[in-house]
Trainee: 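Questions regarding the structure given below will be posed in turn.
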Amino acid sequence: MSENSVIGFPAATGVGSMPGGDAREAARTVTGSLEDFPFLPELPARGPGADMIGRTAGLLVELYARVEPSGWRIGDRPGRDTRRARSWLGEDLDALEEFTQGYEGDLKVQAVGPWTLAAALELRNGEAVLSDPGACRDLAASLAEGLRLHLDEVRRRVPGARLVLQLDEPSLTAVLRGQVRSASGYRTHRAVDRQVVEGTLRDLIGVHAGGPVVVHSCAPDVPFTLLRRAGAAAVSFDAALLTERDDEVLGEAVEGGTRLFAGVVPGTDGPLSDPAGSVMGVRTLWRRLGLRPGLLAEAVTVTPACGLAGASPAYARQVLAHCVRAARSLADNPE
């Protein structure tokens, strides 16, 4: 296994978002359902500033954003929207701290990665930050410093935890392929060079020195190889979007020690199969790749397919418990 192997990760966790607007209830659910691998919940139903872009914009250092009709836009000074985002994050941290007293183990925190943030945030002229290479560099540097401070704050509040940083990059494939639309919608922004994308991600991943970083995307065609080269210890994805074209890179990732966070449980309300049925596709993939069955529990963490913001509170609780049982099924019956 490679140096960035994350064998020993707990076998199930969530992606990030949860339904509703009650921080204490979300923290209670997450820590109660995922005793071995809880995460800091995100509650986008509260509105702008609690959404994933606004929440991460609130972490930026010496860059500020405000809500415009078209979305989040870089501004000159911290305003009401920045204060709201920081206030809600503070509430979430208070709740997490309350329910993790004495906790020792893995704890995941999420933030939007630099390329999805650059595709979503607007410059003052209304175009995406992605349109300006210099602005992309400034944004990545601001995000790196903000993440460093955020991780320090979580360590202070939950001193026994090993922090796992998740970077959410659902727009990464679109950035690489030149598919991010301009403000007018009539054209797309030029594809960003893969080496530039990889280098920026490597720098961000380096912020969490000594700690594992997961990169999450619930979009099709996740660039597994690029993420591995950038230093991601694990890649989180919607398993239903995998095709046989992904087989070779997935096999290389596992053999190189990269953990797979396989999203196998639907994120919106509906009937759930039995836990063993939920991970049947993972077992099938393993056989197709010719990988040793005993490696399954070491290499796979079971998650929902994406965030649970669109689920009912009851279903969200059910899904997290289901992920734990599905992971147990993989460990007990790898074949």
Side-chain angles (χ1 to χ4, degrees), residues 1-16 34 36-37 39 106 108 110 113 164-170 172-173 201 205 211-267 275-276 278-307 319-320 322-335:
M1 288 290 171
S2 71
E3 288 180 3
N4 71 349
S5 170
V6 285
I7 286 179
F9 259 17
T13 190
V15 172
L34 301 166
D36 295 327
F37 199 0
F39 60 93
D106 291 281
K108 184 163 68 69
Q110 306 82 219
V164 177
L165 172 62
Q166 176 178 303
L167 296 176
D168 292 319
E169 283 283 15
L172 183 58
T173 300
L201 283 168
I205 287 169
V213 176
V214 184
V215 179
H216 167 73
S217 173
C218 48
D221 299 321
V222 176
F224 289 96
T225 302
L226 183 150
L227 296 176
R228 286 183 56 221
R229 284 202 310 261
V235 180
S236 170
F237 55 92
D238 180 349
L241 299 179
L242 291 179
T243 70
E244 291 194 15
R245 291 198 314 270
D246 298 307
D247 282 5
E248 185 177 346
V249 293
L250 281 170
E252 289 173 357
V254 172
E255 290 174 346
T258 303
R259 185 104 180 176
L260 305 182
F261 280 42
V264 297
V265 186
S278 292
V279 289
M280 188 65 70
V282 178
R283 289 194 180 94
T284 301
L285 170 69
W286 231 245
R287 285 194 293 271
R288 207 163 66 226
L289 296 178
L291 293 169
R292 181 169 56 84
L295 190 59
L296 259 174
E298 297 177 350
V300 175
T301 292
V302 176
T303 74
C306 210
V319 163
L320 296 181
H322 188 88
C323 286
V324 173
R325 290 194 293 271
R328 195 171 298 136
S329 167
L330 267 189
D332 291 346
N333 303 293
E335 300 190 64

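Index from 1, following the sequence. The analysis underlying the following values was restricted to heavy atoms, covering all of them including side chains, and did not include hydrogens, waters or symmetry mates. Being a predicted model, the structure only gives us computed values, none of them experimental.
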Trainee: Could you pull out the closest heavy-atom pair between P223 and L172, with the gap in Å?
Mentor: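 Closest approach of P223 to L172, heavy atoms only: CG-CD2, 3.7 Å.
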Trainee: For the residue pair E255 and L291, establish whether any side-chain heavy-atom pair is separated by less than 4.5 Å.
Mentor: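 E255 vs L291: side chains touch.
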Trainee: In Å, rounded to the nearest 0.5 Å, how long is the span from CE of M280 to CG of L285?
Mentor: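 Atom-to-atom, M280:CE and L285:CG are 13.5 Å apart.
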Trainee: Output all residues satisfying side-chain hydrogen bond (donor to acceptor under 3.5 Å, both in side chains) with T173, sequence neighbours left out; order by chain, then residue number.
Mentor: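 If we apply the side-chain hydrogen bond (donor to acceptor under 3.5 Å, both in side chains) test to T173, skipping adjacent residues, there are no hits.
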Trainee: Do you know which two heavy atoms are closest between D246 and L241, and how far apart they sit?
Mentor: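 Taking every non-hydrogen atom into account, OD2-O, 4.4 Å.
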Trainee: Taking only residues two or more places apart in sequence, or in another chain, which ones meet Q166 in a side-chain hydrogen bond (donor to acceptor under 3.5 Å, both in side chains)?
Mentor: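 Per chain and number, Q166 pairs via side-chain hydrogen bond (donor to acceptor under 3.5 Å, both in side chains) with K108, D168.
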Trainee: Does E252 have more than 12 heavy atoms from other residues, nucleotides or ligands lying within 6.0 Å of its CD?
Mentor: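 Enclosed: over 12 neighbouring heavy atoms sit under 6.0 Å from CD of E252.
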Trainee: Which pair of heavy atoms, one from A239 and one from V264, lies closest together, and at what distance?
Mentor: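 Taking A239 first and V264 second, the nearest heavy atoms are CB-CG1, 3.9 Å.
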Trainee: When rounded to the nearest 0.5 angstrom, what is the spacing between OG1 in T258 and CG in L260?
Mentor: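 Taking OG1 in T258 and CG in L260, the distance rounds to 7.5 Å.
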Trainee: What pair of heavy atoms forms the shortest contact from P304 to V319, and how long is it?
Mentor: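 Minimum heavy-atom separation between P304 and V319: CG-CG1, 3.7 Å.
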Trainee: Do V282 and V302 come within less than 4.5 Å of each other through their side chains, counting heavy atoms only?
Mentor: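 Side chain of V282 against side chain of V302, heavy atoms only: no contact under 4.5 Å found.
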Trainee: Kindly give the heavy-atom pair with the smallest separation between R283 and L296, and that separation in Å.
Mentor: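 It is CG-CD1, 4.2 Å.
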Trainee: So do V254 and W286 actually touch side chain to side chain, heavy atoms under 4.5 Å?
Mentor: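 Sidechains of V254 and W286: in contact.
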Trainee: Could you point out which residue of T13, L34, V265 forms a side-chain contact (heavy atoms from CB on, under 4.5 Å) with L320?
Mentor: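 Of T13, L34, V265, side-chain contact (heavy atoms from CB on, under 4.5 Å) with L320 is met by L34 alone.
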Trainee: Quick one: side-chain contact (heavy atoms from CB on, under 4.5 Å) partners of A240, sequence neighbours excluded?
Mentor: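 With sequence neighbours excluded, A240 shows a side-chain contact (heavy atoms from CB on, under 4.5 Å) to D238, given in chain and number order.
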Trainee: Determine the minimum heavy-atom distance between G16 and F39, stating which atoms define it.
Mentor: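 Distance-wise, the nearest heavy atoms are O-CE1, 3.2 Å.
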Trainee: Can you tell me how far CZ of F37 sits from CG of D106, rounded to the nearest 0.5 angstrom?
Mentor: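 One gets 5.0 Å once the value is rounded to the nearest 0.5 Å.
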Trainee: Is any side-chain heavy atom of E169 less than 4.5 Å from a side-chain heavy atom of L201?
Mentor: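 Answer yes - side chains close enough.
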Trainee: Just jot down the side-chain hydrogen bond (donor to acceptor under 3.5 Å, both in side chains) partners of S278, sequence neighbours excluded, or say none.
Mentor: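 S278 satisfies side-chain hydrogen bond (donor to acceptor under 3.5 Å, both in side chains) with S273, H322 only.
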Trainee: Determine which pairs satisfy ring-ring contact (aromatic ring centres under 6.0 Å, His included) with at least one residue from residues 215-234, sequence neighbours left out, and list them in order.
Mentor: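 Qualifying pairs, neighbours excluded: F224-F237.
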Trainee: Return the CD1 to CG distance between I205 and L227, rounded to the nearest 0.5 Å.
Mentor: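 It is 7.0 Å, given to the nearest 0.5 Å.
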Trainee: Which pairs pass salt bridge (Lys or Arg N to Asp or Glu O under 4.0 Å) with one or both residues in residues 215-227, sequence neighbours excluded?
Mentor: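 Listed once each, the pairs are R177-D221, D221-R245.
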Trainee: Has R259 got a side-chain atom pairing as donor or acceptor with E298's backbone, closer than 3.5 angstrom?
Mentor: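 Flag set: sc R259 to bb E298 pair under 3.5 Å.
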